[in-house]
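See structure below.
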Amino acid sequence: FSKKEKRSYLAVDNEDEIIGYVVPVFRKEFQKKMNPDSLTHPPEFIVKPCGQTVWEGKSVTLHCTVAGWPKPRVSWYKNNVLIDAKAHPEKYFTESQYNMHSLEIKNCSFSDTAGYRISALNVKGESSAFAPVIIKRRRCTCTRSPFIPALRGGVRMAKHARQLSLACLVNTRSTTIIDKFDVSFGREGETMSLGCTVIVYPTVKRYQPEIVWYRNGVILSPSKWVHMHWSGEQATLTLVHLNKEDEGLYTLRVNTKSGFDTHSAYVFVRDADVEEEGVPVAPLDVRCHDANKDYVVVTWKQPAVEGSSSIIGYFIDRLEVGTHHWTQCNDTLVKYARFPITGLTEGRSYTFRVRALNNFGVSRPSRASDPVVAMDPSDRARLRAGPSAPWTGMIKFTEEDPTVGVVPGPPTDLAVTEATKSYVVLSWKPPIQRGHEGVMYYVEKCLVGTETWQRVNTGMPGKSPRFALFDLAEGKSYSFRVRSCNSAGVGEPSEETGATTVGDRLDLPSVPGPVIPIRNTDTSVVVCWGASKEVKNLVGYYIEVSVNGSGVWVPCNNKPVKGTRFVCHGLSTGDKCVFRVKAVNAAGYSGSSAESEACIVQSCPSAAVPRPPTGVTLLERVRDYMVLSWQAPAKTGGADIRGYYLDYRTVKDGVTSKWHEINLQTVTGTSYKVTDLKENIFYQFQVRAVNRAGISESSIPTVPLECKEWTVAVPGPPHGLRVQEVRKDSMVLLWEPPMFSGRSPVTGYYVDYKEENGRWRCVQERSTKNTYMKLTGLQEGVSYRLRIHAKNVAGVGGPSKKTDAILAETRPGTNEIVVDVNDDGVISLIFECSDLKEDSQFVWSKNYKAFTDTSRLTVQTSGGKSRAIFNDPSLEDLGIYSCVVTNTDGVSASYTLTEEVIPFKSEMAIELQEKGRVRLWAEVAKFTSNCQVEYVFNDNIIHEGKKYTMNFNKTTGIIEMFMDSLEVTDEGTFTFNLVDGKATGRISLVLIGEEFAELQKKSEFERAEWVRRQGTLSLHCPHFVEYLSFKVTPECDVHLKCKVGNIKPATEIAWFKDGIEIEEDDEDAKKIKKSDEISKKDAGVYEVKLKDERGKDKTLLNLTDAANSSTELKVMSTEHGIILYSFVVHYIEDLRIGWLHKESKISHSDRVQCGVTGEQLWLKINEPTEKDKGKYAIDIFNGQGSVKRVLDLSGQGKSSGVPAQATLQYFYRARVVGGLPDVVTIQEGKSLNLTGNVWGDPVPEVSWVKKDKALLSDDHYTLKFEHGKFASITIAAVKTIDSGKYALLVKNKYGTEAAEFTVSVYIPEDEGEKRE
């Protein structure tokens, strides 16, 4: 065609963007293949999986390599059925890395014989590869594979299978990497080689596996800086003229058709020595972006070392390829690590380098960038090599006048892409109407507030749809527009941009979070830190190290790292180092983080990341905050938990947002208050634990929780449940009070437990005020779960999160805390642990709370033993002392320290000796030679004399006290008080009531018997060896019997009943021989007498009726009062029983009751008072006669010795006998006066408490105690804060009692409305 007849056609994409011209050969519509993006292409198998034959029971792995862009997604199939490896981890394992994919089939069985297929899919298409797997049975002769075609004849099928197996075995090779390169250090300008020896089995001559090298996960290609070599067994990578860009993690990957093997190690590149002291080191990683016809953007990374002063800017140099002269691109310092370069010549190639400047001078230049060509991006796309992809855009044909030039239209989509204090970058799209020839552009600016437009590039229009404006006034606002031009003229302006203020849009990064160093090896430390919270376009982090106290900081890395964990190598063993981190982006450096804790560089036992926390629970919620708690991980990974991180996300209509960090600094406890939340918004939370090995996986997210205020009256759930001191029959549960107490303070807790599959049961009937409880009576080998309820006046709140299942068992090697008293009398508690880890610690506490007064206790720990020494023991030190060993599997124990610190080997015992002598004794476990004993009877110190004989054998540790006889006045409590330096000990024996009476009777008998025997034996007189007694035979016969000694034929033996001799031939004598005729009239006192010329002896037996057989009246203490009782030999319904008090019949009531249990006749008196003192009697009548037993409880026991010491406390102990209500409701502003009636002897001490805190008299509280009976409290002008639980405490030496009451202060409705 002639020039006149030519037509121009515009090619546009789906967004109506012009992407080229089409000159058709024929005037008709047609399609033309174009390639706007040559990178995309369908999946392609570079290495296909190979079929394999293995024996049954073995494992097999299929490997392949897939290329494609976008990155294909792969799936494995067995006989065209999708394989779900996550659902069957015991059978399948899949792995994808560096475009290499593998499927492992574990413990193969014959059913695994199948055809396996891998499918790779992306937006450009799908591709598949197949591999047969044959599983051979050792005892099977022939197997037909489902994927082998059916062949006629067994020979042909066997031959086919053998050929397939042989081909698979030939292609199956294993590789092993030995002589591996280690962490390496180099300096800029040096040459470094990394190498490994690769062993391939089976050995095949001239076989070379595929060797691939990576840096930070990116494949390396040979270049003038990188050389690769394979020598048959040695794979070598040589880095020529090292630079900081070469720093990173290097990986060698050896690929074969049957699999791959890898090895990785880090390479550190230190800066070369600077030419002048104090100047910065060279920048790094210079790159070119957005190259156009006359424009390119150059970026770089700031160096790790700024020199002796901060970097104030950068110079950019360019070099045209083919020349040797570097030209400086900027006269004004650039402060951003990004700068647009203009004025390039189209079609020419350039390289760039950067130099840093501070107050001491200019750094060496960086390594030059890769060459970049100044050309139109569309031309570069057409020149780019690679597989093409079909273009699916639409082609529009338009008719234009071929003879007349066309003035271009206005550019479109004008926008400000970058804006800093130094420059502003504009970008736009070329005009749709622009004629045959190319277009150029004029840029205009206008100061906001004026109407004057000023052309910026008046001398030469720009060729690229990008433009950088310099020398703008900082802080001023401008608008911009662009005009297109060609030989036909200048077109209309584009739409103007909005107002743009000249200034930095990119802020400096915020300071990174806290730094945690973790010991690793003898020359390295693992450093973790919190990410910068506010940062855009983060480049990475620099880590610095300093020997503690030196003040000299050295960079650990010279190339920024993007993670929040880095292994700092090259440290000196034994140095005590601190670390800090700073973030960097294009705007510059952040401030340095706070220094870490000092960490000693040395190896430590291996540790793993902890398990996730569990049981995330909501404790309290208000309109703008929530309080959460959780349980610590069950497995800590062999290291102490250093803290926790919390995340949150919002939930709306089932749609969740992204997770956001709540805390940058670790939370050391197991609860946290999340603030700045929005009311009525649903949130989810998760928690992660951190130890020295790293951060755990996140806990299971909570259910969506709405942020709104709780209005319930009962308290929320307790939290922080933890169990320690687990034994075969007991364990100790600890918890924290609820964060939300309801409408009144928490008054107690209930503990529930259940077996693994049982139902929940409450441990105690009454609530406990403590935040700990020891559970006893457990079954060994049974697992238990525990939970807690809190209660207040309004009621019992909901349960806490239940604990994990805890097995009741005493593990081998479990030790208990033992008490020790040394030669100086110093008391200490000792706990040993055989399972001690290197960083384990012994943590002591009192009453399961941290020590508040460390001056009272000194803890010394050496190896696996810890000793807690009491500095000045007193009553303040009494309590439960527990010790927990951290970083172990629950090693813990406790010891209850009482006043009896000196340990005894045995309880105080009593024994009856010859002559009726009584011996009281006890054995001391450990004591010194200075130990002294004080002997006490009924609170009175006794001394050695005629009645008492004392002895303390310090060789054996046995304390003894002897009494020649036991008299009525000896009923009471015997005590041994020990004093050994600062240590004390006490042991007592209560000898009262029936036990005393029986022992006294035996003592008197033994003494009388001894006297009798001395007389009879000395004269060789007849005597009784065994006294008269009776025996009931199996035939229900009653035999009276005795045993005599030293008699002769002339000795007379006579029987008597009630003083009358029984002749051998009378009826009584017959009945004695034939006792089946015995009846009530046979009751009486029987006596046997011996007599001859040498002397005489006698014995008695009292056989009376049931009434006369009753025991003396006794008294017994109970929790609620006292019980008076007597026993009869046989109780019959004919017995009539009457109780008397001060000779008057006792009337029955709820407080005073009587009855019969078995052979026991009893009278119960609950809460005895002063009026209950006096003489008590029981009258027992059997129809013929009566017996009366009397007991004096008149309170004159000090002289009479009748009442027992243990019973006196119920008459004399301190009590509140009335006057106080349970609940008091009072209006705010009124005065409250309450009086309680108090009784006790001696007069009790009186105190008032509120919420377990003692009250003192002041202007608000007036406390009085008058006449030893009336205790009063007056609260002047009560306020709402006076609401709560109060108690009146009374105490004397016989006991303590607390009378509790609740005060509720209310505000009148009209007054409340005024306040609102």
Side-chain angles (χ1 to χ4, degrees), residues 743-748 765-770 791-794 875 1117-1122 1149-1152 1164-1174 1193 1195 1207-1306:
R743 295 182 182 176
S744 61
V746 174
T747 58
E765 295 182 359
R766 296 184 179 182
S767 63
T768 177
K769 294 183 178 180
N770 299 322
K791 76 162 189 173
N792 61 6
V793 175
L875 294 178
S1117 305
T1118 68
E1119 180 181 359
H1120 304 290
I1122 59 175
S1149 64
D1150 292 339
R1151 195 176 68 87
V1152 181
K1164 292 182 181 179
I1165 305 176
N1166 294 327
E1167 295 294 331
T1169 64
E1170 184 73 18
K1171 296 180 181 180
D1172 294 316
K1173 290 184 178 181
L1193 296 181
T1207 305
L1208 288 177
Q1209 63 176 334
Y1210 289 94
F1211 290 105
Y1212 300 139
R1213 69 179 177 88
R1215 297 195 301 275
V1216 179
V1217 295
L1220 294 178
D1222 294 331
V1223 179
V1224 178
T1225 303
I1226 187 171
Q1227 180 180 333
E1228 186 181 38
K1230 302 294 184 179
S1231 293
L1232 175 65
N1233 179 267
L1234 297 174
T1235 301
N1237 299 330
V1238 177
W1239 192 89
D1241 184 16
V1243 176
E1245 301 174 3
V1246 174
S1247 62
W1248 297 83
V1249 297
K1250 177 187 177 184
K1251 297 179 181 178
D1252 297 329
K1253 293 184 179 180
L1255 299 178
L1256 301 176
S1257 291
D1258 54 20
D1259 295 338
H1260 191 55
Y1261 297 103
T1262 302
L1263 309 178
K1264 294 182 180 180
F1265 184 41
E1266 300 174 330
H1267 309 297
K1269 294 183 178 180
F1270 306 106
S1272 63
I1273 179 173
T1274 302
I1275 307 176
V1278 296
K1279 302 177 182 178
T1280 54
I1281 61 174
D1282 293 320
S1283 297
K1285 180 73 73 175
Y1286 291 76
L1288 170 60
L1289 298 180
V1290 293
K1291 177 182 179 182
N1292 66 5
K1293 70 177 184 178
Y1294 291 109
T1296 302
E1297 185 173 286
E1300 297 183 345
F1301 60 94
T1302 302
V1303 175
S1304 177
V1305 181
Y1306 69 91

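Heavy atoms only: backbone and side chains are in, while hydrogens, waters and symmetry mates are out. All figures in this text were calculated on a predicted structure; none of them were measured in a lab.
With sequence neighbours excluded, the residues that form a ring pair (Phe, Tyr, Trp, His ring centres under 6.0 Å) with Tyr1286 are Phe1301. Applying the side-chain contact (heavy atoms from CB on, under 4.5 Å) test to Thr1274 and every residue at least two apart in sequence or in another chain returns Asn1233, Thr1262. Among residues two or more places apart in sequence or in another chain, the side-chain hydrogen bond (donor to acceptor under 3.5 Å, both in side chains) test is passed with Glu1300 by Lys769. Here Asn1292 pairs with nothing under the side-chain hydrogen bond (donor to acceptor under 3.5 Å, both in side chains) rule; sequence neighbours left out. In this structure, Thr1235 has no side-chain hydrogen bond (donor to acceptor under 3.5 Å, both in side chains) partners at least two apart in sequence or on a different chain. Applying the side-chain contact (heavy atoms from CB on, under 4.5 Å) rule to Thr1225 yields the partners Val1223, Ser1304, Tyr1306; only residues at least two apart in sequence or on another chain are considered. Checked against side-chain hydrogen bond (donor to acceptor under 3.5 Å, both in side chains), Thr1302 has the following partners two or more places apart in sequence or in another chain: Lys1285. Lys791 is linked by a side-chain contact (heavy atoms from CB on, under 4.5 Å) to Thr747, Tyr750, Ser767, Val796, counting only residues two or more places apart in sequence or in another chain. Among residues two or more places apart in sequence or in another chain, the side-chain contact (heavy atoms from CB on, under 4.5 Å) test is passed with Asp1258 by His1260, Tyr1261.
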Let me check something: any side-chain donor-acceptor pairs from residues 1243-1253 under 3.5 Å, sequence neighbours excluded? List them with distances.
| residue | atom | partner | partner atom | Å |
| --- | --- | --- | --- | --- |
| Lys1250 | NZ | Ile1281 | O | 2.7 |

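Within the 4.5 Å cutoff, the side chain of Phe1270 has no heavy atoms near those of the Val1238 side chain. Counting only heavy atoms from C-beta outward, the side chains of Ile1165 and Arg1151 approach each other to under 4.5 Å. Leu1255 is listed as a side-chain neighbour of Ile1273, based on a closest heavy-atom distance under 4.5 Å. Under the 4.5 Å side-chain criterion, counting only non-hydrogen atoms from C-beta, Thr1280 is in contact with Glu1228.
Rounding to the nearest 0.5 Å gives a distance of 8.5 Å between CG of Leu1234 and CD1 of Ile1226. Going from atom CG of Leu1289 over to atom CD of Glu1297 covers 10.0 Å, rounded to the nearest 0.5 Å.
Residues Ser1231 and Ala1277 approach most closely at OG-N, 3.5 Å, considering heavy atoms. Nearest heavy atoms, Ala1299 versus Leu1220: CB-CD1, 4.0 Å.
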